Engineer: 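Once you've had a glance at the structure underneath, I'll fire off some questions.
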Amino acid sequence: MVFSAADHSYMTLALQIAEQGLYSTQPNPRVGCVIVKNEQIIGQGAHITAGAAHAEVLALSQAGALAKGADVYVTLEPCNHFGRTPPCVDALINAQVKRVIVAVQDPNPLVAGQGLKRLQAQGILVQVGLMEKQAVALNLGFISRMTRQLPYLRCKVAASLDGGTALKNGKSQWITAAAARLDVQHWRAQSCAIITGIGTVLNDNPNMTVRWHELALNHATRQPLRVIVDSQLQTPADCNMLDGASLKNSPVLIAYASDVSQKSDKLSAAGAELLQLPDTQGRVDLHALLTHLAQHGINEVLLEAGAGLNGGFLQANLIDEFIFYYAPKLMGGDAKAMFAIAELSAMQQVVDLQILDVRQVGADMRLRAIPIRPQ
């Protein structure tokens with residue numbers, strides 16, 4: 001299908017508008033809409049929070065009666081079902097628009113092309129696929145949850161140039177400088193959940209919250225779910241993540257395999273939600289954990305952990321993207337590695353990566369990559 005330069009321009013604007021919901025639409029997708037008539041923009045809107053008006057409805061309310069006979073550019077197929085809000089397809093049909101240009105079809109089984117068919121049945125011209133790649137990138141987590149029943153998992157690692165993530169004694173604060181640490185806050189903010197391991201909790205006693213005051217964004221201070229993977233349930237009931245003030249806006253889920261020390265009641269009393277998911281080796285079943293999160297509306301997950309848990313997710317083939325922050329430091333051969341995995345004996349066993357982006361963040365370097373999986 002051939003689209004004009006003007007089509008690309010309007011869809012680019014719709015995608016930019018959709019980014020307004022980058023940190024706030026969860027568990028819904030990020031959607032933008034632009035309505036055009038006689039080469040003039042007459043309405044635009046973005047979906048900002050779940051339960052609020054959808055992008056198409058906001059854009060139609062701006063356009064008013066002028067929407068009749070107009071072209072509608074929307075980054076995701078309009079919904080055709082009743083959720084917290086009425087179907088957007090009905091609003092478009094009632095407005096008597098002429099053409100609907102969609103970047104990507106909605107993978108939600110409740111929609112999945114049905115919205116497009118209803119529009120076509122009403123004589124509305126429907127065109128799909130304009131800037132599809134960019135629209136998919138905006139909703140990687142939502143699409144992953146709908147098509148794979150798993151959230152999109154990013155693994156963030158801060159390391160020295162020689163690959164060290166902590167000294168032999170466990171000290172790691174701080175490898176990267178302030179600018180890189182602030183950059184991490186953006187990834188936390190757009191995530192639905194942050195996963196860390198018991199080693200990080202015991203060594204660093206982190207809060208694992210989004211420091212919204214540092215981001216200077218005009219968004220609600222939504223905090224992601226915080227998840228601790230703790231096979232033997234060793235989490236201290238008085239750790240920072242279970243502090244009362246911290247728990248008020250950011251719940252904590254502890255995934256464990258066995259309660260060796262009989263701490264479950266104490267941790268529950270401290271405010272944690274406990275989820276027992278043992279695998280056959282007495283560790284937490286990581287695939288089952290991600291499945292559980294997806295079933296509870298979690299689209300994107302940020303993994304911020306040590307070599308052990310990073311290695312567990314890597315070997316289970318559950319990491320969708322890597323975000324490496326490299327500091328201009330050398331930590332030596334005794335430093336802790338990024339991933340603790342079984343010894344490899346052949347180069348055919350290594351994990352091949354495709355580099356997506358490399359850029360300097362303050363004094364440090366950020367590299368994003370995805371694993372190259374067999375087709």
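Side-chain atoms are counted along with the backbone in the values below, which use heavy atoms only and exclude waters and symmetry mates. On a predicted model such as this, the values are computed, not experimentally measured, just so you know.
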Engineer: Applying side chain to side chain contact (heavy atoms under 4.5 Å, CB included) to Val157 and Thr165, what does each step give before you reach the verdict?
Structural biologist: CA-CA 8 Å; Val157 181; Thr165 60; 3.8 Å; yes
Engineer: Using atom types as modelled and distance alone, determine if a side-chain donor or acceptor of Trp212 lies under 3.5 Å from a backbone N or O of Gln223.
Structural biologist: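 No; judged by distance alone, with no hydrogens or angles, the pair does not exist.
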Engineer: Going by heavy atoms in the side chains, are Val74 and Val34 under 4.5 Å from each other?
Structural biologist: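 Not in contact.
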Engineer: Begin with the C-alpha distance, continue with both residues' side-chain angles, and end with the deciding distance and a verdict on side chain to side chain contact (heavy atoms under 4.5 Å, CB included) for Met241 and Val201.
Structural biologist: CA-CA 8 Å; Met241 289 178 69; Val201 172; 4.1 Å; yes
Engineer: Who pairs with His186 by ring-ring contact (aromatic ring centres under 6.0 Å, His included), at least two apart in sequence or on another chain?
Structural biologist: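 Here no residue qualifies.
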Engineer: Step through the shown structure and confirm whether more than 12 heavy atoms of other residues, nucleotides or ligands are within 6.0 Å of CD on Gln349.
Structural biologist: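 Atom CD in Gln349 is crowded, with more than 12 foreign heavy atoms closer than 6.0 Å.
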Engineer: If you look at every heavy atom in Ala63 and Ile35, which pair is closest and at what distance?
Structural biologist: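 Closest heavy-atom pair between Ala63 and Ile35: CB-CD1, 4.3 Å.
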Engineer: Work out which heavy atom in Ala272 is nearest to a heavy atom in Ile254; give both atom names and the distance.
Structural biologist: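 Looking at all heavy atoms of both residues, the closest pair is CB-CD1, 3.7 Å.
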Engineer: Any non-hydrogen side-chain atom of Met131 less than 4.5 Å from a side-chain atom of Gln134?
Structural biologist: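 Yes, close enough: below the 4.5 Å cut-off.
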Engineer: Could you give the distance from CD1 (Ile298) to CG (Leu289), rounded to the nearest 0.5 Å?
Structural biologist: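 It is 10.5 Å, given to the nearest 0.5 Å.
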Engineer: Closer than 3.5 angstrom, by distance alone: can the side chain of Arg226 be matched with the main-chain N or O of Ser250 as a donor-acceptor pair?
Structural biologist: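 Yes, because the side chain of Arg226 sits within donor-acceptor range (under 3.5 Å) of the backbone of Ser250.
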Engineer: Checking Asp204 side chain against Pro206 main chain: does a donor-acceptor pair fall under 3.5 Å?
Structural biologist: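 No.
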Engineer: With a 3.5 Å distance limit and no angle check, can you tell me whether Asp106 reaches the backbone of Asn108 through a side-chain donor-acceptor pair?
Structural biologist: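 Looks like yes, one N/O pair under 3.5 Å.
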Engineer: Other residues, nucleotides and ligands only: do more than 12 of their heavy atoms fall within 6.0 Å of CG on Leu202?
Structural biologist: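 Yes, enclosed.
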Engineer: Under a single-linkage definition using a 4.5 Å side-chain heavy-atom cutoff for Ile, Leu, Val, Met, Phe, Trp and Tyr, are Tyr256 and Ile228 assigned to the same hydrophobic cluster?
Structural biologist: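 They do share one cluster, since a chain of ILVMFWY contacts under 4.5 Å joins Tyr256 to Ile228.
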Engineer: Using modelled atom types and a 3.5 Å cut-off, is there a donor and acceptor pairing between side-chain atoms of Asn203 and backbone atoms of Gly199?
Structural biologist: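 Yes, the answer is positive, given that a donor and an acceptor are paired below the 3.5 Å cut-off.
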Engineer: As a test of understanding, state which of Leu233, Leu274, Leu267, Asp265 forms a side chain to side chain contact (heavy atoms under 4.5 Å, CB included) with Asp259.
Structural biologist: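 With Asp259 as partner, Leu233, Leu274, Leu267, Asp265 yield a single side chain to side chain contact (heavy atoms under 4.5 Å, CB included), made by Leu233.
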Engineer: Tell me whether Leu353 shares a hydrophobic cluster with Ile319, the cluster being built from Ile, Leu, Val, Met, Phe, Trp, Tyr side chains joined at under 4.5 Å.
Structural biologist: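 Looking at the clustering, Ile319 is in the same group as Leu353.
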Engineer: Does Gln96 reach the main-chain N or O of Ile93 with its side chain, forming a donor-acceptor pair under 3.5 Å?
Structural biologist: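 Such a contact is absent between Gln96 side chain and Ile93 backbone.
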Engineer: Heavy-atom count around Lys37 NZ within 6.0 Å, excluding the residue itself: above 12?
Structural biologist: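 Check passes, neighbour count above 12.
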Engineer: Taking the side chain as every heavy atom from C-beta outward, state whether Cys33 and Ile17 have any pair of such atoms under 4.5 Å apart.
Structural biologist: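 Sidechains of Ile17 and Cys33: no contact.
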Engineer: Side-chain contact test, heavy atoms from C-beta onward, threshold under 4.5 Å: evaluate it for Ile355 versus Leu367 and give yes or no.
Structural biologist: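 Yes. Closest side-chain heavy atoms under 4.5 Å.
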Engineer: Mind checking the CD1-OG1 spacing from Ile101 to Thr75? Nearest 0.5 Å is all I need.
Structural biologist: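 Reported value, rounded in 0.5 Å steps: 12.5 Å.
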Engineer: Same cluster for Leu76 and Val97 if Ile/Leu/Val/Met/Phe/Trp/Tyr side chains link at under 4.5 Å?
Structural biologist: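 Linked, Leu76 and Val97 end up in one cluster.
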Engineer: Do Phe324 and Val301 belong to the same hydrophobic cluster, where Ile, Leu, Val, Met, Phe, Trp and Tyr are linked whenever their side-chain heavy atoms lie under 4.5 Å apart, directly or via other members?
Structural biologist: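 Linked, Phe324 and Val301 end up in one cluster.
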Engineer: Do the side chains of Arg145 and Glu300 get close enough for a salt bridge, i.e. N-O under 4.0 angstrom?
Structural biologist: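 Not counted as a salt bridge, because no side-chain N and carboxylate O are separated by less than 4.0 Å.
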Engineer: Show your working on side chain to side chain contact (heavy atoms under 4.5 Å, CB included) between Val210 and Arg222 and close with a plain yes or no.
Structural biologist: CA-CA 8 Å; Val210 179; Arg222 177 196 63 85; over 6 Å; no
Engineer: Side-chain contact, heavy-atom cut-off 4.5 Å: Ile198 with Val229?
Structural biologist: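 Not in contact.
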Engineer: Determine, step by step, whether Arg359 and Asp183 satisfy the salt bridge (charged side-chain N to carboxylate O under 4.0 Å, His left out) criterion, reporting the C-alpha distance in whole Å, the side-chain angles of both residues, the deciding distance to 0.1 Å, and the verdict.
Structural biologist: CA-CA 12 Å; Arg359 66 183 63 191; Asp183 193 63; over 6 Å; no
Engineer: Indicate yes or no: does Asp320 engage Arg373 in a salt bridge with an N to O separation below 4.0 Å.
Structural biologist: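 Result for this pair is yes, salt bridge flagged.
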Engineer: Hydrophobic cluster membership, with links at side-chain heavy-atom distances under 4.5 Å among I/L/V/M/F/W/Y: are Val102 and Tyr10 in one?
Structural biologist: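 No: no chain of side-chain contacts under 4.5 Å links Val102 to Tyr10.
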Engineer: Answer whether the closest heavy-atom distance between the side chains of Cys88 and Cys79 falls below 4.5 Å.
Structural biologist: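 In short, these two side chains touch, coming nearer than 4.5 Å.
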Engineer: Would you confirm whether Thr49, through its side chain, and Thr25, through its main-chain N or O, come within 3.5 Å as a donor-acceptor pair?
Structural biologist: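 Absent.
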Engineer: Answer yes or no: is there a donor N or O on one side and an acceptor on the other, between the side chain of Ser191 and the main chain of Trp187, under 3.5 Å?
Structural biologist: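 At least one qualifying donor-acceptor pair exists.
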Engineer: Decide yes or no on side chain to side chain contact (heavy atoms under 4.5 Å, CB included) for Leu303 and Lys156, but give the supporting numbers first.
Structural biologist: CA-CA 6 Å; Leu303 174 63; Lys156 165 255 166 183; over 6 Å; no
Engineer: For the NZ atom of Lys248 and the CG atom of Asp243, what is their distance to the nearest 0.5 Å?
Structural biologist: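 It is 12.0 Å, given to the nearest 0.5 Å.
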Engineer: Is it the case that over 12 heavy atoms from other parts of the model lie below 6.0 angstrom from the CG atom of Asp357?
Structural biologist: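 Correct, the count exceeds 12.
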Engineer: Heavy atoms, side chains only, cut-off 4.5 Å: are Leu13 and Leu15 in contact?
Structural biologist: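 Leu13 vs Leu15: side chains apart.
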Engineer: Under a plain distance cut-off of 3.5 Å, with no hydrogens placed, do Thr176 and Asp364 share a side-chain donor-acceptor pair?
Structural biologist: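 Distance-only check fails for Asp364 and Thr176.
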Engineer: Nearest 0.5 Å, what's the CZ-CG distance between Arg148 and Leu290?
Structural biologist: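 If we round to the nearest 0.5 Å, Arg148:CZ and Leu290:CG are 9.0 Å apart.
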Engineer: Between Ile194 and Met208, what is the shortest heavy-atom contact and its length?
Structural biologist: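 Closest pair (atom of Ile194, atom of Met208, distance): CD1-O, 3.5 Å.
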Engineer: Short question: side chain of Arg30, backbone of Leu138 - any donor-acceptor pair under 3.5 Å?
Structural biologist: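 Here the side-chain-to-backbone pair exists.
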Engineer: I'd like to know if the side chain of Ser9 reaches the main chain of Ala5, judged simply by a donor and an acceptor atom lying under 3.5 Å from each other, with no hydrogens or angles considered.
Structural biologist: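 Looks like no, no N/O pair under 3.5 Å.
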Engineer: Does Phe322 have its ring centroid less than 6.0 Å away from the ring centroid of Phe339?
Structural biologist: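 Aromatic pair counts; centres sit under 6.0 Å.
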Engineer: Would you say that Glu304 contacts Ile195 through its side chain, given a criterion of any heavy-atom pair below 4.5 Å between the two side chains?
Structural biologist: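 No, side chains not in contact.
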Engineer: Would you name the heavy atoms of Ala55 and Gly45 that are closest together and state the gap between them?
Structural biologist: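 What the structure gives for the nearest pair is CB-O, 3.4 Å.
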Engineer: As an exercise, state the distance from OG of Ser231 to CD of Gln281, rounded to the nearest 0.5 Å.
Structural biologist: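 Between Ser231 OG and Gln281 CD, I get 10.5 Å after rounding to 0.5 Å.
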Engineer: Take a 6.0 Å sphere around CG of Asn169 and say whether it holds more than 12 heavy atoms from other residues, nucleotides or ligands.
Structural biologist: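 Yes, enclosed.
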Engineer: State whether a side-chain donor-acceptor pair under 3.5 Å links Asp7 with Ser4.
Structural biologist: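 The answer is yes; a qualifying pair exists.
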Engineer: Shortest non-hydrogen contact from Ala166 to Ile175?
Structural biologist: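 Closest approach of Ala166 to Ile175: N-CD1, 4.2 Å.
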Engineer: Are Arg181 and Trp174 in a cation-pi contact, defined as NZ or CZ under 6.0 Å from the six-membered ring centre and within 45° of the axis?
Structural biologist: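 Satisfied, under 6.0 Å and within 45°.
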Engineer: Do you see a donor-acceptor pair shorter than 3.5 Å between the side chains of Asn207 and Thr209?
Structural biologist: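 No - no donor-acceptor pair under 3.5 Å links their side chains.
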Engineer: Which heavy atom of Ile124 sits nearest to which heavy atom of Leu92, and what is that distance?
Structural biologist: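 Shortest heavy-atom contact: CD1-O, 4.4 Å.
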Engineer: Quick one: do Arg118 and Asp90 satisfy salt bridge (charged side-chain N to carboxylate O under 4.0 Å, His left out)? Show the steps, please.
Structural biologist: CA-CA 9 Å; Arg118 278 202 59 209; Asp90 289 351; 2.7 Å; yes
Engineer: Using side chain to side chain donor-acceptor pair (under 3.5 Å), reason through Gln44 and Gln62 one step at a time and then give a plain yes or no.
Structural biologist: CA-CA 7 Å; Gln44 60 186 47; Gln62 280 189 16; 5.7 Å; no
